[in-house]
Trainee: 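Dumping the structure here so I can ask a few things about it.
What you see is a predicted model, and the numbers here were worked out from it, not measured in a lab. Here is the naming used below: chain letters follow the sequence lines, and residue numbers restart at 1 for every chain.
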Amino acid sequence: MKERGHPITQLLLLLILASLVWPKTLPAQPLSFEVFSLENGLKVYYQFQPGANLTTVVFHFQGGQALETPGQAGLAYLATRLMAEVTDEDRLSELLASGVNLSAGSRADFSVIQFEGLTRHLDRTLAIVAAGLKNPLFSGPRIDRVRSTLRLEAGREACRLVDSALICLRRLIFPGSPYGQSLYGREADLRSIPRKDISQFYDSIMNSGALSLLVITDLEKKSLQEILARHLSWVKGKTPVPGKRFQAADLPPEKAAAGGCDHYQGPGGAAVALGYLFPGELAETYPAAYLLEKIIGEGPGSLIWNLRQESGLAYNLNSRLEILGGRIILVCYLETEKELAASSLTFLKKTFSSLGQQGLDPEALARGKVMARNSFRRESFSRDSRLGFLSLVLASGLPLDFFNNFLGLLDKKSPDQLNELIRATFSSDRAYEVVIVRE
Amino acid sequence: MFFEISLPADHLESGLGLLKEVVFTFNLNEESVEQEKAVLLKELADYSRQPEKVGLARVYELAFPGSGYALPVFGKAEAISRAGLSDLKSFHQKYFRPDNAALAVVGNIEPEKLRSNLKTIFSDLRSGDGRSVRPNPTLKFPDSGSLVEIKMKVSDTYIMAGLPGPEYNSPDRPPMDLLSELGGAGLSPLVYQAFAGQPDLINSARLHYFSHEQAGLIFISVTTREDRVPTVRRLLQNFLPRLAEMNYSRDDYLPDQQFLVFDFLQGGKNRFQWLSEKMTESPPVLALSLARHLLLRNDRVQKNYLETINGLDSSSLRKIARKYLSRTRPVWVVITPEKK
C-alpha cells in the first residue's frame with residue numbers, strides 16, 4: 001500500500017511514545033482472520049485483536065491498475081483518491097478532532113481506502129467515510145487537484161533509479177499491459193481522462209462483488225457487525241468477477257539482453273533489475289517462492305550479498321517478490337556506478353544460473369525455512385503488514401485459508417520440491433533484465 | 001547508534017550473546033574495513049541524488065555550525081576515505097562500552113530469567129569512567145538566517161527551513177511534539193495554512209521536529225515550482241509567528257461559534273493516544289525507543305508523557321510557538337532543478 005501518510009513523522013512519534021506503554025503487557029499478534037458477510041453480500045474479513053484500543057478498516061477493491069485500458073494510466077489511483085475525499089467541512093472537522101488517519105491508493109490488482117483510529121471513534125468515522133463513498137464528488141476542480149498531485153508523484157518516481165527500472169521490468173514481462181505504467185499514471189493520460197471514466201471506474205468497483213472489508217479491531221464481532229450493517233447496507237450486491245490476467249512475454253534470450261529503460265528522468269547513475277517468473281499455480285508456488293526470496297536476497301549472508309560485500313559491485317542491493325495478475329516474480333535490483341553496470345548484471349545472472357544448476361543443499365533450505373518463518377512472524381507484528389498481505393492474497397484470488405495457514409504451507413515444502421522450483425525458475429534464458437545507465 | 005536483533009523468544013540467550021559479540025568485540029581487519037569503505041563511498045553518491053537527504057543535511061549544517069550535528073549522519077567522503085583500522089579501533093574503545101550503552105529487550109520473556117541471562121552474558125564487560133555529556137559551547141543557532149541554494153537533477157523545487165527546537169530533556173519537548181503533530185500530520189496539517197487560498201502555489205508541505213541530546217530542530221520542507229520560491233518563502237516566514245496567535249481548540253471560541261471551527265488540539269491529543277496504542281504492535285520500534293530514552297534522559301523528574309500531553313491547552317501551544325517559531329530567523333536551503 002503506497003499511501004501511508006508520512007512515515008518519518010510516524011516513526012518519530014512512535015519513538016517518543018514508546019516509553020509510555022512500558023511495562024504494559026504486549027499482545028501477541030493474531031495470525032488469522034475470519035470471514036462473515038453482511039446481508040447485501042459484502043464480505044468482511046475480521047481479526048479480533050484485544051489489548052489495543054485501536055480499529056483499522058480497509059475498503060479493499062478488487063482491481064486496481066489492471067482495470068485501466070490504454071490511455072487511462074493513473075485512472076485507478078485518481079478515482080480511488082477522489083472516492084476517499086471528505087468534501088463536507090463539518091464532517092472533515094469531526095474527523096480531524098478524532099485524530100484518525102485516512103489514506104487511499106491503488107496497486108497493480110487492487111485499490112484500498114483505509115482509516116485507522118481509536119475504537120471509540122469507529123462508528124462516526126465509518127459513517128463519514130461511507131457517506132463519502134456512497135456519493136463521491138467527482139467535480140472538475142477536485143479532479144484537477146488530484147491529477148496534479150499524481151503528476152508530481154509520477155515525476156518524482158521517474159527521478160528514482162530503482163523505481164524506474166522496476167516499471168520497465170514490468171513492461172518487459174507484461175508487454176502492453178497496464179502494469180508497465182506508473183501507478184500514478186502518465187502525463188498525457190492524466191490530462192485526458194474524462195470524468196465519465198472516473199464514474200465508470202467507481203461503478204465497476206463499488207459493489208459487493210469487488211469490495212470487501214478488512215477489519216482489525218478490539219471490538220467483539222457482534223458489535224462490529226451492527227456498526228457495519230448500519231453504515232454499509234447501501235452497497236449493491238453483485239457476483240464477484242475474477243481478476244484480469246495478462247499474458248507474460250515469452251522472452252527469447254536475444255531480446256532479453258536488449259532491456260533498456262526510457263522511463264528514468266533523474267540524475268546520472270546506473271541501476272540493474274533482474275526478474276524471474278515462477279512457474280506453476282500461485283497457491284502452490286507462493287510459499288516456496290517466499291522462502292527462496294529469504295535465502296536469495298534477505299540482507300547479509302544471502303546469495304546476492306557478495307555482490308555488495310565481496311566484489312563491491314553494487315549498493316542498494318535487494319530482492320523482493322511481486323505478484324501481478326496471479327503470476328509471481330522474483331525481482332532483484334541494485335544500483336551501481338555506470339562503468340560497473342554490465343559486470344553487475346553478469347555477476348547477478350551468473351549467481352542465479354549457478355543456483356538454477358546446482359540448487360541448494362538441505363541444510364541451506366532448512367535454514368531458509370527458519371528465516372522465512374521468523375520473518376513472517378516478525379512482519380505480522382504490524383497490522384499494516386497483515387492487512388497488506390491479506391489484500392495481496394485476496395487480489396490474487398487465493399482463499400482466506402491460504403493466509404490463515406501460511407506458516408503451515410511454508411513448513412510443508414520439502415527440499416526436493418524447493419529444488420525442483422529452483423531448477424525450473426532460475427536459468428539464464430528465463431531472466432528478464434533492465435539496465436539503466438545515465439551519464 | 002543502534003544495533004537490533006529480532007528472534008524467537010526461545011533463542012533469546014544465544015541472541016543476546018551474539019549481540020554482545022557484534023557490539024562489544026572489535027572484530028575488523030584492514031581488508032574488511034577497505035571493502036566496507038568502498039561500498040559506503042558508492043552509497044554516498046546515491047545520497048547525493050536524493051534532495052530530501054541533501055537538503056536536511058545542509059539545514060543541520062547551517063543550524064548548528066561547528067558542532068557534531070552539522071555533520072551528515074551518512075558521512076562525508078573525505079572522512080570515510082581517511083578512516084583507517086586504528087581510527088575505528090580507537091572510536092570503538094572510546095564509545096562501545098557498557099556504561100555508554102543501554103539495552104532494551106521486548107517480547108514474551110520472563111523478567112527473572114532475563115536478569116539472570118544478562119548477568120551471565122554481560123557481566124564480564126569492563127566499564128569506563130561513566131557516560132558524560134559535555135555541553136557543546138559552539139552549539140548556538142545563528143542569529144542571521146542564512147540561505148544556501150543548490151542545483152540538482154530533480155523535478156520539483158524544494159524549499160527547506162530550519163529553526164531551533166527544544167532538546168530531548170527540555171520541558172518544552174511535549175508541547176513542541178504536539179505542536180509539530182498538528183503542524184505536519186493528520187488530515188489537515190496546519191503548515192498548509194501558510195498557503196491558504198492559493199492551492200496551486202505548492203505541491204506538498206511537511207513539518208517535523210527532531211529532538212537530540214543537546215539540541216532540537218524544527219524542519220519544514222515545501223515542494224513547489226522554481227518561480228514561486230520568493231512567494232513561498234515569504235508566506236512561510238509570515239506564517240510561523242501566526243502559530244503563536246492561533247486558536248487551537250474549540251474552547252477558545254464562544255459557544256455559538258464552536259461548531260464552525262476545527263478542534264486541532266483535540267485531534268492532536270487523540271492522535272497521540274492512537275499512536276501510543278499502535279506502537280505496542282512493533283516490538284523493534286518499542287525496544288529502540290526505550291534504549292534511546294535510557295541513553296538520553298537526564299536525572300530530572302520525568303512526568304507521565306501522555307498525561308503531560310493531555311494537560312496541554314491552546315495557550316501552552318501558543319507559548320511554545322512564540323518561544324521557538326516567532327523570534328528566530330530560519331536557516332534556508334533551496335534546491336532547484338538543473339537547467340536541461
Side-chain angles (χ1 to χ4, degrees), chain A residues 5-6 8-22 24 26-29 51-54 86 90 92-93 95-102 116-118 121 145 148-149 152 155-156 158-159 265-269 308-310 312 315-316 335-337 374 377-378 381-383, chain B residues 6-8 35-36 38-39 42-43 45-46 49 106-108 152-156 177 180-181 184-188 199-200 203-204 206 208-210 223 259 261-264 266-283 285-286 288-290 292-293 304-306:
Chain A
H6 299 307
I8 300 176
T9 317
Q10 292 200 2
L11 180 65
L12 282 172
L13 262 176
L14 290 179
L15 288 173
I16 290 159
L17 289 163
S19 50
L20 300 174
V21 295
W22 192 260
K24 180 177 176 178
L26 296 179
Q29 82 275 35
N53 169 25
L54 195 62
V86 180
D90 288 345
L92 182 61
S93 167
L95 281 190
L96 195 132
S98 61
V100 297
N101 238 25
L102 178 63
E116 181 174 277
L118 298 170
H121 297 135
R145 198 161 42 75
S148 156
T149 306
L152 289 162
R156 283 178 200 152
C159 287
Q265 301 299 320
R308 177 195 189 276
Q309 206 60 21
E310 304 292 324
Y315 57 91
N316 192 10
E335 286 182 58
T336 186
E337 290 155 322
N374 291 343
R377 291 181 68 90
R378 183 188 150 109
F381 265 119
S382 137
R383 65 175 63 200
Chain B
S6 292
L7 68 173
Q35 264 177 4
E36 189 59 30
V39 177
K42 284 177 189 159
E43 283 174 349
D46 181 39
R49 284 195 290 264
V106 174
N108 181 18
M152 286 181 74
K153 186 130 187 171
V154 287
S155 56
D156 295 339
D177 283 335
S180 66
E181 179 68 11
L187 291 177
S188 181
D200 295 332
N203 305 329
S204 67
R206 297 186 292 134
H208 302 295
Y209 158 50
F210 304 103
T223 56
F259 71 98
V261 296
F262 283 0
D263 197 336
F264 291 103
Q266 192 53 51
K269 289 178 180 178
N270 279 329
R271 287 183 65 79
F272 268 73
Q273 204 183 336
W274 159 61
L275 283 163
S276 71
E277 294 283 349
K278 176 122 182 166
M279 194 263 315
T280 61
E281 293 178 3
S282 181
V285 174
L286 178 55
L288 192 138
S289 164
L290 288 167
R292 180 174 186 257
H293 183 67
N304 179 298
Y305 189 84
L306 259 193

Trainee: Which heavy-atom pair separates B:S204 from A:R156 by the least distance, and what is that distance?
Mentor: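 Nearest pair, atom of B:S204 first, then A:R156: OG-NH2, 3.8 Å.
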
Trainee: Just how far is it from atom CD of B:Q273 to atom NE2 of A:H121, taken to the nearest 0.5 Å?
Mentor: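 Separation between the atoms: 8.0 Å.
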
Trainee: Which bit of A:L54 is near chain B, if near means a heavy-atom gap under 4.5 Å: side chain, backbone, both or neither?
Mentor: side chain

Trainee: Applying side chain to side chain contact (heavy atoms under 4.5 Å, CB included), name anything that partners A:A97, two or more places apart in sequence or on another chain.
Mentor: B:D263

Trainee: Can you list everything that forms a side chain to side chain contact (heavy atoms under 4.5 Å, CB included) with A:N374? Sequence neighbours excluded, please.
Mentor: A:V370, B:P8

Trainee: With rounding to the nearest 0.5 Å, note down the distance linking CD in A:E116 to CG in B:L275.
Mentor: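 Taking CD in A:E116 and CG in B:L275, the distance rounds to 8.5 Å.
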
Trainee: Just so I understand: if I count every heavy-atom pair under 4.5 Å between each of B:G186, B:S6, B:A38 and chain A, which residue has the most?
Mentor: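 With the most close heavy-atom pairs to chain A, the winner is B:S6.
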
Trainee: How close do B:E281 and A:A52 get, counting heavy atoms only, and between which atoms?
Mentor: OE2-CB, 4.5 Å

Trainee: Under the criterion side-chain contact (heavy atoms from CB on, under 4.5 Å), I'd like the reasoning laid out for A:C159 against B:M152: C-alpha separation, chi angles, the key distance, then a yes or no.
Mentor: CA-CA 11 Å; A:C159 287; B:M152 286 181 74; over 6 Å; no

Trainee: Can you list the steps and then say if A:N316 with B:K42 is a side-chain contact (heavy atoms from CB on, under 4.5 Å)?
Mentor: CA-CA 10 Å; A:N316 192 10; B:K42 284 177 189 159; over 6 Å; no

Trainee: When you measure from the side chain of B:R49 to the backbone N and O of A:G268, does any donor-acceptor pair fall under 3.5 Å?
Mentor: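 Yes.
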
Trainee: Once you round to the nearest 0.5 Å, how far does CZ of B:R271 lie from OG of A:S98?
Mentor: 9.5 Å

Trainee: Please flag which part of B:D46 lies under 4.5 Å from any non-hydrogen atom of chain A: side chain, backbone, both or neither.
Mentor: both

Trainee: What's the separation between atom CG in B:L187 and atom CG in A:L95, rounded to the nearest 0.5 Å?
Mentor: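 Nearest 0.5 Å value for the CG-CG distance: 6.0 Å.
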
Trainee: If you take all heavy atoms of B:W274 and A:G117, which pair is closest and at what distance?
Mentor: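 Heavy-atom minimum between the residues: CD1-CA, 3.9 Å.
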
Trainee: Looking only at heavy atoms, which two atoms of A:L96 and B:S188 are closest? And how far apart?
Mentor: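 Result for this residue pair: CD1-CB, 3.3 Å.
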
Trainee: Applying side-chain contact (heavy atoms from CB on, under 4.5 Å), run through A:R383 and B:K278 and close with a yes or a no.
Mentor: CA-CA 9 Å; A:R383 65 175 63 200; B:K278 176 122 182 166; 4.0 Å; yes

Trainee: Could you walk me through whether B:F262 and A:L92 pass the side-chain contact (heavy atoms from CB on, under 4.5 Å) test, one step at a time?
Mentor: CA-CA 8 Å; B:F262 283 0; A:L92 182 61; 3.9 Å; yes

